[in-house]
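Report on one structure; see the data block that follows.
One is the number of the first residue; the rest follow in order along the sequence.
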Amino acid sequence: MAKTTFPTVDKCTSIGREQHAVVADMDGTLLRGRSSFPYFALVAFEAGGILRLLFLLLATPLAGLLYYFVSESAGIQVLVFATFSGMRVSDIESVARAVLPKFYSSDLHPETWRVFSACGKRCVLTANPTIMVEAFLKDVLGADMVLGTKIATYKGRATGLVCKPGVLVGKNKADALEKAFRETQPDIGLGDRDTDTPFMSMCKEAFIVLPQPEVKPVTMDKLPIPIIFHDGRLVQKPTPLMALLTILWIPIGFLLACLRITAGALLPMPLVYYAFMALGVRVTIKGTPPPLAKKSIGQSGVLFICSHRTLLDPIFLSTALGRAIPAVTYSVSRLSEIISPIKTIRLNRDRARDASMIKKLLEEGDLAICPEGTTCREPFLLRFSALFAELTDQLVPVAMVNQMSMFHGTTARGWKGMDPFYFFMNPSPAYEVTFLNKLPLEITCSSGKSSHEVANYIQRVIAASLSYECTSFTRKDKYRALAGNDGTVVEKPLLKANKVI
């Protein structure tokens, strides 16, 4: 905390600040937490893997000693080197855009945000690398200017060093602020520690943010822009203890995942439910599934339209039904096809061919479509494709919910072949399958409804059952925002699965 006496931030009025400029520190000020380790750890794991996270964790004691007994700058430089050295700049930017905003936004300090959001011009002055924080601060919080530490790069990779004038702490912050604002004096300065005093003294008004671990963060609905798209494997913010537990658990979790996957792939489907329960995978079934179609009397199969959580959706649907249901998907990796206990059919992205193929499959029996990307990790539901509504009037919406404590079982940026493994690596993952009522005949295309009307109705029904919010975004919007592509898994031409039609 700053030694110079400044009033606390709760004394700062936020009324009539539309024309004022605010300058705020980040860790401990704009964010409740004073440590930046969890965010460095997220970059290390998501862009560099488990070995990079281990390297960062081993370097943390040295960083702590330097930070508290030598200088803040020296400690932060150790974290920067351990996290970024040799890493591709594009990978760092990808994590900063797709992963970090969700974690940053869940730790916003309410009093600081009250003042910061009330001002017309917003500047953040931070010791954190600009490349890590700029996407969140500008795109989510609406910051006009971000002044942070710049990392050195060589041929598209980070060297692990920082550019001159070094880490932005103490006098470097004041110099950066003076250079950015020139002769203009900022109206409000917000900081939380001794090294913030130089830049706070340059502002017309200055307020300190006292450490208050018990203060609740800003709720997501108070953000100017909701975070709909979020990626990354880690569920929880990796504190040093959580990072250590994650590293220790991964070898055990991987063996457990292999056992669970093997059980699901080799056992008869009626026994999979009980095998999963015995191996710590909880499966909850709600609603009443429709009876099996009788081909002898000419009944066509039911088309189950599921909200998407992971690539395992159709497998857990089959587990709930006690029989294998073929699944149609936009894209699936080679490894996922090999270990799948059900038949997977990849769409060709040719509307006429896809429609013909699905109709033929429905004549043979039930079919599941889990439109990849329809459900985000936040309570939002993406738009459903209208193609499925044109194919049959036997439509059954299925709401999928899953629970994970350590790893997310899906990714837009990484290799999707590892999705099943990450899900089953959780100590006790859970899936909830809710069968909703079959669509009434009068709400299907056979009664004159357009395919878009039917698709939108299904979206609303599933969203209502999950207490989610409908959006107009599509799966392509999701993948373009998170990964810069349309979500297609590209396979080599010579590698063709026998199961793919």
Side-chain angles (χ1 to χ4, degrees), residues 26-27 35-67 70-101 103-104 126-137 146 148-169 172 231-234 237-240 242-251 254 407-408 411-418 421-422 482-485:
M26 194 166 180
D27 296 318
S35 172
S36 58
F37 172 86
Y39 308 105
F40 280 101
L42 283 166
V43 176
F45 182 79
E46 301 292 353
I50 189 64
L51 293 180
R52 175 71 70 162
L53 179 60
L54 176 61
F55 180 42
L56 173 63
L57 192 62
L58 293 175
T60 299
L62 174 61
L65 289 173
L66 294 174
Y67 186 92
V70 179
S71 70
E72 283 187 36
S73 176
I76 293 172
Q77 285 187 64
V78 171
L79 294 180
V80 170
F81 181 83
T83 303
F84 295 136
S85 58
M87 194 175 286
R88 284 191 299 236
V89 173
S90 60
D91 289 341
I92 302 171
E93 292 172 339
S94 177
V95 174
R97 181 182 65 252
V99 180
L100 296 185
F103 290 95
Y104 278 135
T126 175
N128 288 307
T130 306
I131 193 173
M132 275 177 57
V133 302
E134 190 169 35
F136 164 69
L137 294 172
V146 177
T149 301
K150 297 189 180 300
I151 63 171
T153 62
Y154 179 72
K155 292 186 177 180
R157 291 185 179 270
T159 64
L161 306 177
V162 298
C163 299
K164 292 183 178 180
V167 178
L168 249 59
V169 294
N172 285 347
D231 200 34
R233 293 293 192 186
L234 296 180
K237 186 165 66 174
T239 61
M242 191 63 204
L244 176 61
L245 291 176
T246 300
I247 292 170
L248 295 176
W249 174 257
I250 281 181
F254 183 76
F407 306 106
H408 285 295
T411 180
R413 297 167 39 260
W415 182 38
K416 298 191 74 64
M418 287 300 295
F421 291 91
Y422 271 105
L482 297 178
N485 58 56

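With values rounded to the nearest 0.5 angstrom, K416 atom NZ is found 6.5 Å from T411 atom OG1. Here the straight-line distance linking atom CZ of F55 with atom OG1 of T83 works out to 9.0 Å at 0.5 Å rounding. Put simply, CD1 on I151 and CD1 on I92 are 4.5 Å apart, with the number rounded to the nearest 0.5 Å. Atom OG of residue S35 and atom NZ of residue K237 lie 8.5 Å apart, to the nearest 0.5 angstrom. Note that the CD1 atom of I131 and the CZ atom of R97 stand 11.0 Å from one another [nearest 0.5 Å]. Rounded to the nearest 0.5 Å, atoms CG (L137) and CG (N128) are 9.0 Å apart.
F407 pairs by the ring-ring contact (aromatic ring centres under 6.0 Å, His included) definition with Y422, not counting sequence neighbours. Residues passing the ring-ring contact (aromatic ring centres under 6.0 Å, His included) test with F81, sequence neighbours excluded: none. Residues satisfying the ring-ring contact (aromatic ring centres under 6.0 Å, His included) criterion with F421, sequence neighbours excluded, are F254.
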Identify each donor-acceptor pair in which a side-chain atom of residues 57-66 lies under 3.5 Å from a protein atom, sequence neighbours left out, and give them as a table.
| residue | atom | partner | partner atom | Å |
| --- | --- | --- | --- | --- |
| T60 | OG1 | L56 | O | 2.8 |

For a quick test of your reading: what N or O donor-acceptor pairs under 3.5 Å do the side chains of residues 36-46 make, sequence neighbours left out?
| residue | atom | partner | partner atom | Å |
| --- | --- | --- | --- | --- |
| E46 | OE1 | R233 | N | 3.2 |
| E46 | OE2 | R233 | N | 2.8 |
| E46 | OE2 | L234 | N | 3.2 |

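Residues A47 and M87 approach most closely at CB-SD, 3.6 Å, considering heavy atoms. Between T159 and S85, the shortest heavy-atom contact is O-CB, 3.8 Å. Between A98 and R413, the shortest heavy-atom contact is CB-CD, 3.6 Å.
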### From CA spacing to verdict: side chain to side chain contact (heavy atoms under 4.5 Å, CB included), I50, I247
CA-CA 7 Å; I50 189 64; I247 292 170; 3.5 Å; yes
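For the pair F136/L100, no side-chain contact is recorded, criterion being any heavy-atom separation below 4.5 Å from C-beta on. Counting only heavy atoms from C-beta outward, the side chains of T149 and V80 never approach each other to under 4.5 Å. Between E72 and V167 the shortest side-chain heavy-atom distance does not fall below 4.5 Å.
Here salt bridge (Lys or Arg N to Asp or Glu O under 4.0 Å) pairs that include residues 84-93, with residues two or more places apart or in two chains, are R88-D91.
Within the 3.5 Å criterion, the main-chain N or O of M242 finds a donor-acceptor partner in the side chain of T246.
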